[in-house]
Amino acid sequence: TREPLHSKNIVKDAKQPKVLNTNNTARSSNHHHIQRTIMANTSDNSGKILLILISKGVTDRKQATEQARAFQLFEAKGIPCTTVDGMDPAQRERRNELFAISGIRANYPQFFFVGKDGGETTFIGTWDMIEGLNETGQLDSFMEGVSASS
């Protein structure tokens with residue numbers, strides 16, 4: 001019998017791919033992305049709107065769970081947000097604009113700041129970014145000044 005594959009084991013059978021532990025690397029990379037995003041967003045958020053690109057028809061379980069968790073988190077923290085439904089034909093043009101800004105297609109949810117009075121739209125990140133900010137205790141200050149959509 002074979003030993004079960006674990007992320008810390010390197011499989012000796014040449015037919016099997018090597019499995020390496022990348023958890024620390026992924027966490028470290030996410031931490032650096034969080035820090036870069038915070039540094040890039042040092043401007044005043046007063047009046048900015050938090051926009052979440054979602055898909056009400058998402059079939060990917062992970063993405064559906066992340067969307068639900070995002071809404072629960074923002075509601076619990078009292079952070080106002082507005083959404084664009086990527087599945088809604090009436091919002092297709094805006095969805096494509098957001099995909100162009102983020103450089104990520106068909107991955108939900110995605111988070112953006114929209115400047116005052118419909119100004120510049122800035123990509124914040126995916127759920128991993130928001131979750132990382134929350135886990136490090138930085139989400140509240142990062143979202144300070146965000147207002148409800150007009």
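Along the sequence shown, residues carry numbers from 1. Remember, it's a predicted structure, so these values are computed and weren't measured experimentally.
Across every non-hydrogen atom of Met87 and Ser55, the tightest pair is CG-OG, 2.8 Å. Considering all non-hydrogen atoms of both residues, Leu51 and Val84 come closest at CD1-CG2, 3.6 Å. Closest approach of Leu50 to Val146, counting heavy atoms only: N-CG1, 3.6 Å. For the residue pair Pro80 and Ser147, the shortest heavy atom distance occurs at CG-C, 3.6 Å. The shortest non-hydrogen separation linking Ile52 to Cys81 is CD1-SG, 3.7 Å. Across Glu66 and Pro109, no two heavy atoms sit closer than the pair CB-CD, 3.8 Å.
A salt bridge links Lys77 with Asp140: the distance from a Lys NZ or Arg NE/NH1/NH2 to an Asp or Glu carboxylate oxygen falls below 4.0 Å. Checked for salt-bridge contact, Arg94 and Glu97 meet the test: a charged N lies under 4.0 Å from a carboxylate O.
Side-chain contact between Leu98 and Phe123 is absent, with no heavy-atom pair separated by less than 4.5 Å.
With rounding to the nearest 0.5 Å, the separation of CG in Asn96 from CD in Gln91 is 12.0 Å. To the nearest 0.5 angstrom, Lys62 atom NZ is 9.5 Å from Thr65 atom OG1. Note that CD1 of Ile124 and CG of Leu133 are 8.5 Å apart. Values are rounded to the nearest 0.5 Å. Atoms CD1 and CZ, on Ile130 and Arg69 in that order, are 12.5 Å from each other to the nearest 0.5 Å. The line from CG of Leu53 to OG1 of Thr121 is 11.5 Å long, rounded to the nearest 0.5 Å. In this structure, the separation between CE on Met143 and CG on Leu73 is 8.5 Å, given to the nearest 0.5 Å.
Here side chain to side chain donor-acceptor pair (under 3.5 Å) pairs that include residues 99-112, with residues two or more places apart or in two chains, are Ser102-Gln110.
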Check your understanding: Could you walk me through whether Asp88 and Lys56 pass the side chain to side chain contact (heavy atoms under 4.5 Å, CB included) check?
Key -> CA-CA 8 Å; Asp88 182 355; Lys56 289 185 179 173; over 6 Å; no

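Taking the six-membered ring for Trp and the full ring otherwise, Phe113 and Phe142 have centroids separated by under 6.0 Å.
Both Ile54 and Met129 are members of a single hydrophobic cluster when ILVMFWY side chains are connected at heavy-atom separations under 4.5 Å.
With sequence neighbours excluded, no residue satisfies side-chain contact (heavy atoms from CB on, under 4.5 Å) with Glu75.
In this structure, Trp127 and Phe111 have tilted ring planes: the angle between them lies in the 30° to 60° band.
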